[in-house]
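As the structure is a prediction and not an experimental result, all values here were calculated from the model. In what follows, every heavy atom counts, from backbone to side chain, and hydrogens, waters and symmetry copies are set aside. Lettering of chains follows the sequences in order, A, B, ..., and the numbering in each one begins at 1.
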Amino acid sequence: MSDTSRPPYDPSAHEAHWQKAWDDARSFVADEGDKTRPKYYVLEMFPYPSGRIHMGHVRNYAMGDVVARFKKAQGHNVLHPMGWDAFGMPAENAAMEKNTHPAKWTYENIDTMRGQLKKLGLSIDWAREFATCDPSYYGHEQAMFLDFVEAGLVDRRESIVNWDPVDQTVLANEQVIDGKGWRSGAAVEQKNLTQWFLRISDYAEALLGALDGLERWPEKVRLMQANWIGRSEGLACRFELTQTVYDVDALEVYTTRPDTLYGASFCAISPDHPLAIELAEDNQELAAFRADCAKRGTSEADIEAGEKLGFDTGLKVQHPLDKDWLLPVYVANFVLMGYGTGAIFACPAHDQRDLDFALKYNLPVKTVVRPQDDAHFTVTDTAYTGDGVMVNSPGLDGLSPQAARAQMIARFEADGRGEKRVNFRLRDWGISRQRYWGCPIPMILCDTCGTVPVPRDALPVTLPDDVSFDKPGNPLAHHPSWKHVKCPNCGGDATRETDTFDTFIDSSWYFARFAGLKEDAPTDRAAVDYWLPVDQYIGGIEHAILHLLYARFTTRAMHKTGHVAVEEPFAGLFTQGMVCHETYRHDGQWLSPDEIIRNGDGAVLAADGSSAVSVGAVEKMSKSKKNIVDPDDIIARYGADTARWFMLSDSPPERDVQWTQDGIEGAWRFVQKVWRLFDGHILEEHDAARFVDGLTASDIDGDDARALYRQMQLAIDAVTRELEALGFNRAVARLYELVNALSAFKARNGNDAACRAYALAQLMKLLSPMMPHLAETGWQALGGAGLVADAAWPQADTSVLTSDEVVLPVQVNGKKRGEISVPKDADEAIIKEMALNEAGVKKFIDGQELKKTIIVPGRIVNLVVK
RNA sequence: GCCCUUGUGGCGGAAUUGGUAGACGCGACGGAUUCAAAAUCCGUUUCCUUCACGGGAGUGGCGGUUCGAGUCCGCCCAAGGGCACCA
């Protein structure tokens, strides 16, 4: 039926048209007043306005859009908003490098990216758009912060940061390269700064416990969060110093292994432990050691993987179980001040870090746990951390380590020398950033009154526009006038807090703001209680811990301060993989995909054809490696539907997908094939058979039509289930099969044509979430009324899903030797009889004794012979 | 260092969760159509063996459980991700 002389489908002629039609019909406007349908809130992690959208965005938003359109078709009242995570360092970097104002740079980027997103044809309610750098957003954030202060959720205290002495700025761990600042190259210092903290650790137990209830979250993310929170149970006890120094008479130690106390070899304190700091005042060598530790980076990876270094303080502590047993006290670089008490006792035999350290400094190694089945076990160069039996431990020998732990804790508690303690790895959330392009912290520092909140009626505290980035340090701090204010309390001279919020705060409540943009309050309670929690949240796995944990905490804080009803913001979470591409190198330079060509035999050459290019690994698309494909170029050439379809096909959504030219061409051919299907149909059918929506099995005549009808029902059933499970790639495969069947179908009579018309109409509905523009074009061409975007999702006719005959594979000793076709509800005796008589099977059982027959109804027959 | 994930044809991947391994797509090869090309359509395509019918092997490796293992268990190997101021 296809007429190849017809012109191909031209997306540019249709896509803008349908985008306007959806706008005009207000198809995607969410209405919290609509109580007739169940609500469904779909949210993709909002983008940082870095300049242009990239393929990762296309993939992320295509997935979310499929969910939104699918749920709408299924009769839900859908909220699908979009906004901008607009504060952050890249805007300040741009300001420094390109001499442009962060606000100007940011809002221009937003305009560009909004235009790009709109071209994708996403079903977004754009009326709810905002940027986190809008004062109308961050002003509410400031108000909520003051609520958090009143609710006791905020602290101000000192903490250590990476400090670049040249740029006068705090550095992220990733900005510290080999101990030097990434921009200035200056040696990074550890510096104590007074900072604001949100007391997330108060919620450690709650955040951990509630993970169990997040059933529609990936197991992996829940596990990562649980490890991050890091709950442990152990013993807190004192190791008395033999002499009092700087008014300190004992070390407070936390250990999860009190069972190994008899294997103690030494004690160690963190370089940042108060005692280490005091001792260093009078000890140049120790001061130098501390300075050296400070240079080695603060990240856990640096500390754990780096060399274990120590400094013997010369101090001694008494073993808590034996006053005569003295242990040396070291300052050690692998002891973290932020975890436990910043002081440990070390048992080298049963902790690898302690063992590395003991071997290096010639400290004793005493085995106190041995494996169950090795009575003569002794630790030499590998710590034994497994289960087993206690040895060399008076009163504990023969016990399991677990029982020994319990007994030791009980012993310490009984005579008041220690206590059981639950400890968390999770630290409080430091939210101060010494930067300009963030939300100002609404606090005033007064010499007389201390820290004083900005009065509510003076909110929002807005950023000054006239700032310069030519001096190192925070522009807010050296602005001539911005920070000078009168203290709201005493009226005296005071200064504003010049730090701004961590941008993770901005993204910790935006989903609540989308529910309703109330002018005079952070949230619209009626709207937010209707829409929250988010039913399906979609974003990158890179946010598995921080963003999601902060958002969970902030939601609890908002719950406590009356801004939301829920405690968990995201009922369903999906983490999608990255978009990758081959990399190309030539003469030591990276080449972009359009700077290379492939010749006939697959060799890769520079675009001028001159010389060979080496093809590197497939990696995440990134500017630095130039392995980028610009979504605008792809949309201009192939249209949004093709780009969306390719991003949804091939790879499972949670895994990385590789962008290839062949892949996008394949998607393009499929778009054309679908177009030819309905174009060919309408050329053939000018009468009533052109558009048929409702059809039942009893309306069908003829085997071909019956087969097509059944295939259609199977496709509806399968695609529905796959979309429900976010199995986009599998839904795509089923749609390929359906389209192949449809294009092979020949209509011989009116009944056939009606069946095809029906199948095509259903196909447009099934395609609509994934390639919405072509689906509208097809729907209209067939003669469907209204927009397919507003049409109801088809229901599969389950009466034809199963067939009366089933094909059963027959195995002999677990190997397939033949198949039999039997009635669906055939008797087992008949199945056995048929299986034994199947020609291929017979060969393998002849002359042998049948030991066992396994029949799994509808699945398989296995004959066991000997 | 610690924690986590993933290994299936030439490639991306599928497999109703213990029941026919390789759906679907890409690529390749052969054919049709065409003056020719593009586009389109039809067929073949895990490997080894056989003229063929057929047979054998096969889901990173080695073991195990089971009538039956890509799927469950143990050990090992490889690649990737996260580790608190990038968003």
Side-chain angles (χ1 to χ4, degrees), chain A residues 2 4 8 45-48 50 85 87-90 93 161-162 169-176 195 218-221 223-224 226-228 230 298-306 308 334 338 352-353 356 425-427 429-435 502-504 506-507 540-547 549 578 602 617 646 649-652 654-658 660-663 665-667 669-670 672-673 676 718 721 727 729-730 732-737 740 743-744 807-816 818-819 840 843 851-854 856 858-865:
Chain A
S2 48
T4 52
M45 291 179 185
F46 64 163
Y48 179 78
S50 56
D85 189 13
F87 276 135
M89 290 206 312
N93 293 337
V161 294
N162 296 313
T169 186
V170 177
L171 298 176
N173 279 331
E174 69 153 22
Q175 294 171 324
V176 181
Q195 311 209 68
E219 187 55 45
K220 173 181 166 174
V221 174
L223 186 65
M224 281 166 87
N227 288 339
W228 189 259
T298 54
S299 81
E300 207 175 287
D302 290 339
I303 290 162
E304 295 268 333
K308 309 291 177 286
F334 65 90
Q352 191 62 45
R353 287 173 308 186
D356 293 346
R425 184 175 165 278
L426 180 67
R427 307 202 294 257
W429 176 12
I431 54 169
S432 297
R433 298 290 182 271
Q434 295 69 35
R435 303 225 159 78
D502 177 6
T503 58
F504 272 123
D506 309 335
S507 54
I541 185 70
E542 65 272 25
H543 296 290
I545 300 175
L546 292 184
H547 162 60
L549 193 62
M578 299 181 298
F646 177 41
S649 58
D650 283 359
S651 285
E654 69 278 10
R655 267 204 246 173
D656 291 352
V657 66
Q658 187 187 347
T660 59
Q661 187 59 32
D662 287 335
E665 294 280 353
R669 280 199 297 273
F670 180 72
Q672 296 298 337
K673 189 168 185 169
R676 281 197 305 276
R721 276 188 288 109
N729 59 320
R730 297 190 298 263
V732 162
R734 299 289 81 79
L735 286 164
Y736 269 115
E737 280 173 342
N740 286 342
S743 67
V807 175
L808 289 185
V810 182
Q811 296 181 332
V812 179
N813 291 342
K815 279 188 195 296
K816 187 192 164 192
E819 14 183 75
K843 276 200 298 196
K851 305 281 281 190
K852 199 170 175 183
T853 305
I854 292 136
V856 184
R859 280 259 177 278
I860 204 163
V861 180
N862 191 11
L863 305 170
V864 184
V865 296

Between C76(B) and A84(B), how far apart are the two C1' atoms, rounded to whole Å? 33 Å
In whole Å, I'd like the distance from the CZ atom of R427(A) to the P atom of C83(B). 13 Å
Are Q811(A) and I860(A) packed together at the side-chain level, in the sense that at least one heavy-atom pair is separated by less than 4.5 angstrom? yes
Option passing side-chain contact (heavy atoms from CB on, under 4.5 Å) with S507(A) (candidates D502(A), D85(A), L546(A)): D85(A)
Map V807(A) and R435(A) onto RNA chain B by nearest heavy atom, then report which one ends up closer to the 5' terminus. V807(A)
Spacing of M89(A) atom CE and R433(A) atom CZ [to the nearest 0.5 Å]: 9.5 Å
Contacts of F646(A) that satisfy ring pair (Phe, Tyr, Trp, His ring centres under 6.0 Å) - sequence neighbours left out: W659(A)
Using a 4.0 Å heavy-atom cut-off across all strands, classify S432(A) as base, sugar-phosphate, or nothing. base
When we call it a touch if two heavy atoms are under 4.0 Å apart, what does W228(A) touch: a base, just sugar-phosphate, or nothing? base
With syn meaning chi within 90° of zero and anything else anti, the base of G9(B) is syn
Which part of the nucleic acid, if any, lies within reach of Q434(A) when heavy atoms closer than 4.0 Å are counted: base, sugar-phosphate only, or nothing? base
If you round to the nearest 0.5 Å, how far is CG of L426(A) from CG of N227(A)? 12.5 Å
Separation of atom CD in E665(A) from atom P in G27(B), rounded to whole Å: 9 Å
Rounded to the nearest 0.5 Å, the CH2 atom of W429(A) sits from the CD atom of Q195(A) at a distance of 14.0 Å
Minimum-distance pair of heavy atoms, taken over all atoms of R859(A) and P809(A): O-CD, 3.1 Å
Inter-nucleotide C1' distance (G22(B), U66(B)), Å rounded: 24 Å
Pull out every stem in RNA chain B, meaning runs of 3 or more consecutive Watson-Crick or G-U wobble pairs with both distances under 3.5 Å. B:1-7 with B:77-83, B:10-12 with B:24-26, B:27-32 with B:40-45, B:46-49 with B:54-57, B:60-64 with B:72-76
If we take the P atom in both C41(B) and G58(B), what is their distance in whole Å? 38 Å
Nearest to side-chain heavy atoms of R859(A), which nucleotide of A84(B), U20(B), U16(B): U16(B)
Under 4.0 Å, heavy atoms only, any strand: does E819(A) hit a base, just the sugar-phosphate, or nothing? base
Separation of the C1' atoms in U33(B) and A39(B), to the nearest angstrom: 11 Å
Considering only atom P, compute the distance from G54(B) to U40(B) and round it to an integer number of Å. 35 Å
Would you say K308(A) and Q352(A) make side-chain contact, with heavy atoms under 4.5 Å? no
Taking the side chain of L426(A) as heavy atoms from C-beta outward, which of G82(B), A23(B), A84(B) is closest to it? A84(B)
By the 4.0 Å heavy-atom rule, please label K673(A) as base, sugar-phosphate, or nothing. sugar-phosphate
Could you tell me whether the side chain of P218(A) reaches within less than 4.5 Å of the side chain of E654(A), counting heavy atoms only? no
Touch class at under 4.0 angstrom, heavy-atom based, for G88(A) against every strand present: sugar-phosphate
What nucleic acid atoms does F504(A) come within less than 4.0 Å of, heavy atoms only: base, sugar-phosphate, or nothing? base
Under 4.0 angstrom, heavy atoms only, what part of the nucleic acid is E654(A) near: base, sugar-phosphate, or nothing? nothing
Gap between atoms CG and C1', on D85(A) and C86(B) respectively (whole Å): 11 Å
What interatomic distance, in whole Å, is found between P of C24(B) and the corresponding atom of A15(B)? 13 Å
CZ of R425(A) versus C1' of C3(B): gap in Å, rounded? 9 Å
Would you please confirm or rule out a distance under 4.0 Å between OP1 or OP2 of A38(B) and any side-chain N or O of R669(A)? no
Does any N or O in the side chain of N162(A) come within less than 3.5 Å of the main-chain N or O of V170(A), such that one atom is a donor and the other an acceptor? no
Heavy-atom side-chain contact between I545(A) and V221(A) under 4.5 Å: no
Euclidean distance, atom CD of residue Q672(A) to atom P of A38(B) [Å, nearest integer]: 17 Å
Among residues at least two apart in sequence or on other chains, which ones pass ring pair (Phe, Tyr, Trp, His ring centres under 6.0 Å) with W228(A)? none
Atom pairs, N/O to N/O, protein against nucleotides 64-69 of chain B, distance under 3.5 Å?
unit_1	atom_1	unit_2	atom_2	d
C67(B)	O2'	N862(A)	ND2	3.3
C67(B)	O2	N862(A)	ND2	2.5

U45(B) and G9(B), which share atom name C1', separated by this distance in whole Å: 10 Å
Could you tell me whether the side chain of N729(A) and the main chain of S649(A) form a donor-acceptor pair under 3.5 Å? no
Treating primed atoms plus P, OP1 and OP2 as sugar-phosphate and everything else as base, which nucleotides of nucleotides 4-13 of chain B get B, S or - for protein heavy atoms under 4.0 Å? S--S----BS
Say you draw a straight line from NE2 of H547(A) to CG of L549(A); how long is it, rounded to the nearest 0.5 Å? 11.0 Å
H543(A) NE2 to C83(B) P, straight-line distance once rounded to whole Å: 11 Å
Side-chain-base donor-acceptor pair under 3.5 Å for R730(A) and U16(B): no
Donor-acceptor pair, distance only, cut-off 3.5 Å: does the side chain of T503(A) make one with the backbone of D506(A)? no
May I ask you to say what T503(A) touches in the nucleic acid, namely base, sugar-phosphate or nothing, with a heavy-atom cut-off under 4.0 Å? sugar-phosphate
Take atom P in G60(B) and the same atom in G7(B), then report the distance between them in whole Å. 8 Å
Nearest-Å distance, CD1 (I431(A)) to P (A84(B))? 19 Å
Let me know the distance between CG of D662(A) and P of C26(B), rounded to the nearest Å. 9 Å
Which pair of non-hydrogen atoms, one from N862(A) and one from G814(A), has the smallest distance, and what is that distance? OD1-N, 3.1 Å
Please classify the glycosidic conformation of U17(B) as syn (within 90° of 0) or anti (everything else). syn
B/S/- contact track for nucleotides 48-59 of chain B, protein heavy atom under 4.0 Å: ------SSSS--
For a quick check of understanding: with a heavy-atom distance under 4.0 Å over all strands, which category does H547(A) fall into, base, sugar-phosphate or nothing? nothing
Taking N813(A) for its side chain and V865(A) for its backbone only, find out whether a donor-acceptor pair lies under 3.5 Å. yes
